[in-house]
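Just so we're clear, the structure is a prediction, and the values are computed from it rather than from any experiment.
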Amino acid sequence: MSPNLVAETVASLMPRAKEELAALVAFKSVADFDQFPRSESEGAADWIATALRAEGFQDVALLDTPDGTQSVYGYLPGPEGAKTVLLYAHYDVQPPLDEAGWVTPPFELTERDGRWYGRGAADCKGGVLMHLLALRALKANGGVPVHVKVIAEGSEEQGTGGLERYAEAHPELLAADTIVIGDAGNFRVGLPTVTSTLRGMTLLRVKVDTLEGNLHSGQFGGAAPDALAALIRVLDSLRAEDGSTTVDGLAADSEWEGLAYDEEQFRRDARVLDGVELIGSGSVADRIWARPAVTVLGIDCPPVVGATPSVQAGARALVSLRVPPGVDAAEATKLLQAHLEARTPWGARVAVEQIGQGQAFRADTTSPAYQAMADAMAVAYPGEEMQYAGQGGSIPLCNTLAALYPDAEILLIGLSEPEAQIHAVNESVSPQELERLSVAEAHFLLNYAAG
């Protein structure tokens, strides 16, 4: 098949893709049903199921996963004797955070300066469209040469493990010869990249109590133990003076071997304010791809507006720890919990609850599928050679799939390059990247089928 035919077909489909992505972004599909209606996630799942049926997928189903969310599954048969490829994306998204910080409404896809803005545009509703575009381009030019399974997860951002547990209970459902995870991203716009490692994660809620109730800070402050102060002190113990993560017993000196990340480029990508230092030691790649990183995601305490002069009786925080490849996430969880308990001062009562956990991942980049993807990327990105990079984020499903299907090859691509600002306000996707990666995925399927 002529490479131009696939590229021309994808280009012709981009206006439709924009309309569809707008429809999908409009669903407020945050899988935290204390904050957002369950109906929003169910609406997004129904939209994807309808789209799969329209493309000829069979056995389309809304899978009720153990964490109370839904994942969407479909199967598209290919030629007899063909290989099977599983295409993954997720439709749940992060909350919009500070909606006032968005230039345009977070759940309304808006074009600005050549990019499409909206929550989930890159992470990972755009990944759903990438898969659909690739398949449509192949169908329009001779047909899809492999059996295709699609799975769109409904709770990836929450880390609650619903799809992992469902897959373990139904191991035949997602079995495939190779798996394309559409939830990663290029190192920068225009540089084709596969992600070869992912950090794992653990998520803990820590609660500190010191008093039976709040006390007047003038009458009791100075002797009465302040739970908020105790919590601040234990959280501060998780970082060294330079900002490096310091969890007792957890190694933090690994080095990244591969694509380098220029420090000034990182400052621009991360939008670090002038004069503010980066934290940690070692290269930037060491810090974000090869070493643990702790983040305090939230603290329950009185807001400044309306605060009273009180010594706080209780306070709690949500703490995330990114776990590098080679470190067992369960062991890291134990070390973090022990650290929090041991470092809580003044004999304060501390309770630690695990909320979520996922293992780190390392791909076998020597497998034939990677060569097929490299050749496909060369077509979609003329003059550029495919690069290998790490990713600081976590996709817990990767390790579940690797354990269930040890012979399957797993590749990670996607739309979450630095300018996308995923998880932040004003998330966006590059339509050029959506187009090129859809072309690349289509050619990958052709190459893989022929290999």
**Student:** What are the two closest non-hydrogen atoms of Ala176 and Ala408, and how far apart are they?
**Tutor:**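 Minimum heavy-atom contact is O-CB, 3.4 Å.
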
**Student:** List the atom of Leu235, the atom of Ile299, and the distance in Å for their closest heavy-atom pair.
**Tutor:** CD1-CD1, 4.0 Å

**Student:** Give the C-alpha distance, both sets of side-chain angles, the deciding distance and a yes or no for salt bridge (charged side-chain N to carboxylate O under 4.0 Å, His left out) between Glu417 and Arg188.
**Tutor:** CA-CA 5 Å; Glu417 37 75 28; Arg188 59 173 172 79; over 6 Å; no

**Student:** Testing the 3.5 Å rule here: is there a donor-acceptor pair between the side chains of Asp67 and Ser155?
**Tutor:**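 A donor-acceptor contact under 3.5 Å links the two side chains.
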
**Student:** Among Leu173, Thr69, Val72, which residue meets the side-chain contact (heavy atoms from CB on, under 4.5 Å) test with Leu63?
**Tutor:**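 By the side-chain contact (heavy atoms from CB on, under 4.5 Å) criterion, Leu63 pairs with just one of Leu173, Thr69, Val72: Leu173.
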
**Student:** Decide yes or no for Leu250 and Leu321: does some side-chain heavy atom of the first lie under 4.5 Å from some side-chain heavy atom of the second?
**Tutor:**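 Of all side-chain heavy-atom pairs linking Leu321 with Leu250, at least one is under 4.5 Å.
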
**Student:** CG of Leu437 to CG of Leu129: how many Å apart, nearest 0.5 Å?
**Tutor:**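 Separation between the atoms: 13.0 Å.
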
**Student:** Consider only side-chain N and O atoms of His339 and Ser237, and report whether a donor and an acceptor are under 3.5 Å apart.
**Tutor:**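 Indeed, the side chains of His339 and Ser237 share at least one donor-acceptor pair under 3.5 Å.
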
**Student:** May I have the step-by-step check of side-chain contact (heavy atoms from CB on, under 4.5 Å) for Gln354 and Gln357, ending in yes or no?
**Tutor:** CA-CA 8 Å; Gln354 182 177 338; Gln357 179 180 287; 3.2 Å; yes

**Student:** If I take atom CG from residue Leu62 and atom CG from residue Asp46, how far apart are they, to the nearest 0.5 angstrom?
**Tutor:** 5.5 Å

**Student:** Quick check on Glu385: does its CD atom have over 12 non-hydrogen neighbours (other residues, nucleotides or ligands) under 6.0 Å away?
**Tutor:** no

**Student:** Give a yes or no on whether a salt bridge exists between Asp209 and Lys207, defined as a side-chain N under 4.0 angstrom from a carboxylate O.
**Tutor:**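 Yes, this pair counts.
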
**Student:** Report the relative orientation of the aromatic rings in Tyr261 and Trp289; use parallel for angles under 30°, tilted for 30 to 60°, perpendicular for over 60°.
**Tutor:**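 Tilted: the ring planes of Tyr261 and Trp289 meet at 30° to 60°.
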
**Student:** Determine, step by step, whether Glu433 and Arg436 satisfy the salt bridge (charged side-chain N to carboxylate O under 4.0 Å, His left out) criterion, reporting the C-alpha distance in whole Å, the side-chain angles of both residues, the deciding distance to 0.1 Å, and the verdict.
**Tutor:** CA-CA 5 Å; Glu433 289 291 76; Arg436 287 182 290 213; 2.8 Å; yes

**Student:** May I ask you to decide if Ala240's main-chain N or O and Ser244's side chain share a donor-acceptor pair within less than 3.5 Å?
**Tutor:**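 No: the side chain of Ser244 does not pair with the backbone of Ala240.
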
**Student:** Is the backbone N or O of Tyr88 less than 3.5 Å from a side-chain atom of His131, with the two atoms forming a donor-acceptor pair by type?
**Tutor:** yes

**Student:** Verify side-chain contact (heavy atoms from CB on, under 4.5 Å) between Met377 and Phe444, making sure each step is shown before the conclusion.
**Tutor:** CA-CA 8 Å; Met377 290 287 201; Phe444 165 74; over 6 Å; no

**Student:** Please tell me whether Glu156 and His90 have a donor and an acceptor in their side chains that are separated by less than 3.5 angstrom.
**Tutor:**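 A donor-acceptor contact under 3.5 Å links the two side chains.
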
**Student:** Treating Arg119 as the side-chain partner and Pro105 as the backbone partner, does any N or O pair qualify as donor plus acceptor under 3.5 Å?
**Tutor:**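 No, the answer is negative, given that no donor and acceptor are paired below the 3.5 Å cut-off.
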
**Student:** For a quick test of reading the model, state the closest non-hydrogen atom pair linking Ala329 to Gly358 and the distance between them.
**Tutor:** CB-O, 3.4 Å

**Student:** Between Arg267 (side chain only) and Val276 (backbone N and O only), is there a donor and an acceptor less than 3.5 Å apart?
**Tutor:**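 Answer holds: yes.
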
**Student:** Which value, rounded to the nearest 0.5 Å, describes the distance between Thr210 atom OG1 and Trp346 atom CH2?
**Tutor:** 8.5 Å

**Student:** Taking atom CD of Gln58 as the centre, does the number of heavy atoms from other residues, nucleotides or ligands within less than 6.0 Å exceed 12?
**Tutor:**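 More than 12 within 6.0 Å, yes.
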
**Student:** For the backbone of Leu24 and the side chain of Lys125, can you confirm whether one donor and one acceptor N or O come within less than 3.5 Å of each other?
**Tutor:**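 Checking the backbone N and O of Leu24 against the side chain of Lys125, a donor-acceptor pair under 3.5 Å is found.
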
**Student:** Check whether Glu427 reaches the backbone of Asp123 with its side chain - one donor and one acceptor, N or O, closer than 3.5 Å.
**Tutor:** yes

**Student:** Mark yes when over 12 heavy atoms from residues, nucleotides or ligands other than Arg349 sit less than 6.0 Å from its CZ; otherwise mark no.
**Tutor:**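 Open: at most 12 neighbouring heavy atoms sit under 6.0 Å from CZ of Arg349.
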
**Student:** Among Leu135, Val85, Ile413, Leu133, which residue meets the side-chain contact (heavy atoms from CB on, under 4.5 Å) test with Glu441?
**Tutor:** Ile413

**Student:** Do Leu203 and Leu297 come within less than 4.5 Å of each other through their side chains, counting heavy atoms only?
**Tutor:**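 Yes; the side chains approach each other to less than 4.5 Å.
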
**Student:** What I'd like to find out is whether the side chain of Leu76 reaches to under 4.5 Å of the side chain of Val150, using heavy atoms alone.
**Tutor:**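 Result no, sub-4.5 Å side-chain heavy-atom pair not found.
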
**Student:** Would you check if there is a donor-acceptor pair between the side chains of Gln158 and Thr160 at a distance under 3.5 Å?
**Tutor:** no

**Student:** Does Glu168, at its CD atom, have more than 12 non-hydrogen atoms belonging to other residues, nucleotides or ligands within less than 6.0 Å?
**Tutor:** yes

**Student:** Taking side chain as C-beta onward, heavy atoms only, is Leu411 less than 4.5 Å from Thr178?
**Tutor:** yes

**Student:** Taking the side chain as everything from C-beta on, heavy atoms only, tell me whether Phe361 gets closer than 4.5 Å to Pro325.
**Tutor:** no

**Student:** What's the spacing between Leu97 CG and Glu99 CD if we round to 0.5 Å?
**Tutor:** 9.5 Å

**Student:** Tell me the side-chain hydrogen bond (donor to acceptor under 3.5 Å, both in side chains) pairs involving residues 314-326, sequence neighbours left out?
**Tutor:**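 side-chain hydrogen bond (donor to acceptor under 3.5 Å, both in side chains) check on residues 314-326 returns Asp300-Arg316, Arg322-Ser394.
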
**Student:** Got Pro95 and Gln35 here, is their nearest side-chain heavy-atom distance under 4.5 Å?
**Tutor:** yes

**Student:** So which heavy atom on Cys124 is nearest to which on Ala89, and how close?
**Tutor:**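 Heavy atoms of Cys124 and Ala89 come nearest at SG-CB, 3.8 Å.
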
**Student:** When rounded to the nearest 0.5 angstrom, what distance separates CG in Leu412 from CD1 in Ile181?
**Tutor:** 5.5 Å

**Student:** Is it the case that over 12 heavy atoms from other parts of the model lie below 6.0 angstrom from the NZ atom of Lys83?
**Tutor:**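 For Lys83, atom NZ is crowded (more than 12 foreign heavy atoms under 6.0 Å).
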
**Student:** Determine whether the side chains of Thr333 and Thr202 contain a donor N or O and an acceptor N or O closer than 3.5 Å.
**Tutor:**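 The criterion, which ignores hydrogens and geometry beyond distance, is satisfied for Thr202 and Thr333.
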
**Student:** Show your reasoning for whether side-chain contact (heavy atoms from CB on, under 4.5 Å) applies to Tyr388 and Tyr370.
**Tutor:** CA-CA 10 Å; Tyr388 299 88; Tyr370 276 82; 3.8 Å; yes

**Student:** Would a distance-only check, ignoring hydrogens and angles, find a side-chain to backbone donor-acceptor pair under 3.5 Å from Asn186 to Val189?
**Tutor:** no

**Student:** May I ask you to decide if Thr84's main-chain N or O and Asp177's side chain share a donor-acceptor pair within less than 3.5 Å?
**Tutor:**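 At least one qualifying donor-acceptor pair exists.
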
**Student:** If we ignore angles and hydrogens, is there a donor and acceptor under 3.5 Å between the side chains of Ser367 and Glu409?
**Tutor:**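 Short answer, yes.
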
**Student:** Give me the atom names and distance for the closest heavy-atom approach of Ala121 to Leu21.
**Tutor:** O-CD2, 4.1 Å

**Student:** Between Asp286 (side chain) and Ser283 (backbone), is there a donor-acceptor pair under 3.5 Å?
**Tutor:** yes

**Student:** Just checking, Lys149 and Tyr73: is the charged tip under 6.0 Å from the six-membered ring centre and within 45° of the axis?
**Tutor:** no

**Student:** Distance-only, no hydrogens or angles: does the His170 side chain make a donor-acceptor pair with backbone N or O of Tyr166 under 3.5 Å?
**Tutor:**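 Here the side-chain-to-backbone pair exists.
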
**Student:** For a side-chain contact (heavy atoms from CB on, under 4.5 Å) check, start with the C-alpha distance between Trp47 and Thr50, then their side-chain angles and the critical distance, and finish with the verdict.
**Tutor:** CA-CA 5 Å; Trp47 188 97; Thr50 299; 5.9 Å; no

**Student:** For Asn399 and Gln359, work out which heavy atoms get closest and say how close.
**Tutor:** OD1-O, 3.0 Å

**Student:** Is there a side-chain contact between Ser196 and Arg362 in this structure, where contact means two heavy atoms from C-beta onward sitting under 4.5 Å apart?
**Tutor:**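 The answer is no; the side chains never approach within 4.5 Å.
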
**Student:** Working to the nearest 0.5 Å, report the span between CD1 of Ile179 and CG of Leu87.
**Tutor:**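 The distance works out to 10.0 Å.
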
**Student:** Find out whether Arg199 and Val323 are in side-chain contact, i.e. whether some heavy atom of one side chain is under 4.5 Å from a heavy atom of the other.
**Tutor:** no

